[in-house]
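Read through the structure below, which is laid out as structure tokens, and then see the notes.
What you see is a predicted model; the values in this text were computed from it and never measured. Only heavy atoms go into these numbers, but all of them, side chains included; no hydrogens, no water, no symmetry mates.
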Amino acid sequence: MTDKTDESSAADGNPRSQEPPAAVPPGPEALRRKGSAASALGLVARRLRQPLPGAQPRLRFEMPPEYVQEHQAGEDEADLDSEVRPQFGRPGPRMSPQHPLYLGFMGTVGVGLALLVYWIGSNTTQLLLWIVAALFIALGLEPVVGWLENRKIPRPAGILVSVTVLISAVVGFFATLIPTIVEQVTEIVEQAPVWIRDFIDSEFFRSLDDQFGVRDRVSEELDKFVNDPAAVGGIFGGVVGFGSTVANGLFGTLIVLVLSLYFLAALPAMKKWGYRLAPRSRRNRVEALSEEITRSVGNYVIGQACVALLNATFAFIVMSIVGIPFALLLAFVVALLAFIPLVGGMIAGIVVLLVSLTEGWQTAAIYGICYFAYLQFEAYFISPRIMQKAVAVPGAVAVISVIAGGSLLGVLGALIAIPTAAAVLLLIREIYIVRQDQH
């Protein structure tokens, strides 16, 4: 009866006849198939996680366990826990420092090591500079990686993100800068003959030529230069030297980038190894001082980068408004010089002022007023807020350290001078002065 009613309803076009059938729960056979598929996938995943037959884990340079001498003189060494006993036996008693053999041998070894260190340092100066630059960059990126770690991001991912952002910013900056530099240098080369011709046709040059014969003298010197093979060879050697300098610069940049990545990845392990080199009784103090120094250096690098970026941005805006030529190229120069603390901004302002004089003294005056007013605003409002977690160095010490660092290591020395001075002041304050106050 029910089947006939349903068939008649379907024939009459009743909407109820077009409703989908109710979902039928899966039977035992379907559940069994799903369970077997899940177990098979789990077995495959476990097999993939297992090492290959005969494979050994990669050797790692691990920190040795800390050895604490907890037993007394009469106790058996077998009673010591294997976790605290040295792997190759207990060290024997040290030789007395007053022993003549000890004094002579250690004195000879000390002199030999000093000469060896001097020889290595004098022959690997460029490598040492690369290492210092890479360590400086790694310490500068460490606060960023630490901030990402505090946001539950794993350290490898934080390192990858920070290094990727840094490389992208540098590549994007140079990708924007190089075409502009090429265009503006080409413009200078094209305009140079016009400037020379206008100068030659000027009344000033004509009067000099009438009095001193400048034109004939210049033509004579040019003929000598063209006919001198040594001069032509010098030009060729200069071009080759410039090319080798550029190649060495690119190679050094690559080395510094790779070393920075390695230092950044291994910085916690490097700190741990460094702390273990100190006696156990002083290890906590050494760790506290080292963490304060590395934190100050990292905050200084980030803060100085922000200050230099703001300085260059303001200079570029003012140069674009007043119409100073080669604004982007000069902004790049300002950014580089602004990395040098204290004196970098002043030098950058003078360089741009000299270029702006080509557009008239009014342009130079407007730019000078705006830029040097910004330097005062930066010194009293921007830098104190950006550098409040970085370093605190007296002004006289900062100036002396920057000049000394620049004289010793050039631009790199000027960059690391203030963090180095801050570290030295911290050590003097926390170690030497405290010790002197106790006497």
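A 4.5 Å side-chain heavy-atom check between Glu292 and Leu426 finds at least one atom pair inside the cut-off. The shortest side-chain heavy-atom distance between Asn311 and Tyr374 falls under the 4.5 Å cut-off. Counting heavy atoms from C-beta on, the side chains of Phe136 and Phe263 never come closer than 4.5 Å. Leu427 is listed as a side-chain neighbour of Ile293, based on a closest heavy-atom distance under 4.5 Å.
Atoms CZ and CG, from Phe314 and Leu375 in turn, are 8.5 Å apart once rounded to the nearest 0.5 Å. How far CG of Leu267 is from OH of Tyr262: 15.5 Å, rounded to the nearest 0.5 Å. Here the straight-line distance linking atom CG of Leu139 with atom CD1 of Ile302 works out to 10.5 Å at 0.5 Å rounding. For the atom pair Leu259 CG and Leu254 CG, the distance stands at 9.5 Å (nearest 0.5 Å). Between Thr420 atom OG1 and Tyr300 atom OH the span is 9.5 Å, to the nearest 0.5 Å. Taken from CD1 in Ile120 to CG in Leu127, the straight-line distance is 11.0 Å, to the nearest 0.5 Å.
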Worked verdict on Asn284 versus Tyr275 for side-chain hydrogen bond (donor to acceptor under 3.5 Å, both in side chains): CA-CA 8 Å; Asn284 293 332; Tyr275 302 152; over 6 Å; no

Residues Val322, Glu359; criterion side chain to side chain contact (heavy atoms under 4.5 Å, CB included); working and verdict: CA-CA 9 Å; Val322 301; Glu359 298 294 320; over 6 Å; no

Full working for side chain to side chain contact (heavy atoms under 4.5 Å, CB included) between Glu378 and Leu310: CA-CA 9 Å; Glu378 177 188 281; Leu310 291 175; 5.6 Å; no

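Of all non-hydrogen atoms in Ser162 and Val144, the two that sit nearest each other are CB-CG1, 4.2 Å. Among all heavy-atom pairs drawn from Val355 and Ile324, the shortest one is CG1-CG2, 4.5 Å. Nearest approach of Cys370 to Val318, heavy atoms of both residues: CB-CG1, 4.1 Å. Contact detail for Val286 and Ala278: the closest heavy-atom pair is CG2-CB, 3.9 Å. Nearest heavy atoms, Gly140 versus Pro143: O-CD, 3.4 Å. Contact record, Val334 with Ala315: CG1-CB, 4.2 Å, taken as the closest heavy-atom pair.
Ring-plane geometry between Tyr371 and Tyr367 is classed as parallel, the angle between the planes falling under 30 degrees on a 0 to 90 degree scale with a further cut at 60.
For the pair Glu142 and Arg155, the salt-bridge criterion is met [side-chain N within less than 4.0 Å of a carboxylate O].
More than 12 heavy atoms of other residues, nucleotides or ligands sit less than 6.0 Å from atom CZ of Arg151. Around atom CZ of Arg285, more than 12 heavy atoms belonging to other residues, nucleotides or ligands sit under 6.0 Å away. For Phe372, the CZ atom is densely surrounded, since the number of other residues' heavy atoms within 6.0 Å is greater than 12. More than 12 heavy atoms of other shown residues, nucleotides or ligands fall within 6.0 angstrom of atom CE in Met270.
A donor-acceptor contact shorter than 3.5 Å links the side chain of Gln304 to the backbone of Ala338. With hydrogens and angles ignored, the 3.5 Å screen pairs a side-chain donor or acceptor of Ser356 with a backbone N or O of Leu353.
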